[in-house]
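The next block holds one structure in the form of structure tokens; read it before the comments.
Values below: every heavy atom of this structure, side chains too, minus hydrogens, waters and symmetry copies.
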Amino acid sequence: MADKVILPESILGSDKAALDRLMSLLPPQDRQDVKLRRFFIFRMKIDGEEVTRGFILRKLADVKASGFLGSFYEFLQRQGLAVDSGPYDKQPPDETG
């Protein structure tokens, strides 16, 4: 199963610089968050860098307006925008019953 997992970072290619630009918008404590990086890779592949940048800036404004003190990823989770899928080495359910 592990050989079938494709990590988002492996498909970045030339988008690594774009991801770094997006991560630089975040507060320092969130810039190395692997879950956020993967979430933004997904958003960039679907929406592009500029739309993802706008999304981040709007959500950062929401965080500030709400007075939320947790991590940015936790804020996105509470809004139902980011879902933690669990560990990558998790075994699929047994289909035999």
Between F75 and K59, what is the shortest heavy-atom contact and its length? CE2-O, 3.9 Å
Looking at every non-hydrogen atom in both residues, tell me the closest pair between L60 and L25 and how far apart they are. CD1-O, 3.5 Å
What's the spacing between M44 CE and R53 CZ if we round to 0.5 Å? 10.5 Å
How are the rings of F40 and F55 set relative to one another: parallel (under 30°), tilted (30 to 60°) or perpendicular (over 60°)? perpendicular
Using only heavy-atom distances, determine whether the side chains of Q77 and K35 contain a donor-acceptor pair under 3.5 Å. no
Should the pair D20-R37 be classified as a salt bridge under the 4.0 Å nitrogen-to-oxygen rule? yes
Value for CZ (R78) from OG (S66), rounded to nearest 0.5 Å, stands at 9.5 Å
Are any non-hydrogen side-chain atoms of V63 and F72 less than 4.5 angstrom apart? yes
Measuring from E74:CD to D30:CG, what's the distance to the nearest 0.5 Å? 10.0 Å
Indicate if M23 and L57 have the same hydrophobic cluster label, given that clusters are the connected sets of ILVMFWY residues with side-chain heavy-atom separations under 4.5 angstrom. yes
Is there a side-chain contact between I46 and V51, using heavy atoms and a 4.5 Å cut-off? no
For the side chain of R43 and the backbone of F39, is there at least one donor-acceptor N/O pair under 3.5 Å apart? no
Scanning both residues in full, the closest heavy-atom pair of A18 with E49 reads CB-OE1, 3.4 Å
Taking only Lys NZ, Arg NE, NH1 and NH2, and the carboxylate oxygens of Asp or Glu, determine whether R58 and D62 approach each other closer than 4.0 Å. no
Interatomic distance, CG@L26 vs CD@Q29, rounded to 0.5 Å, equals 9.0 Å
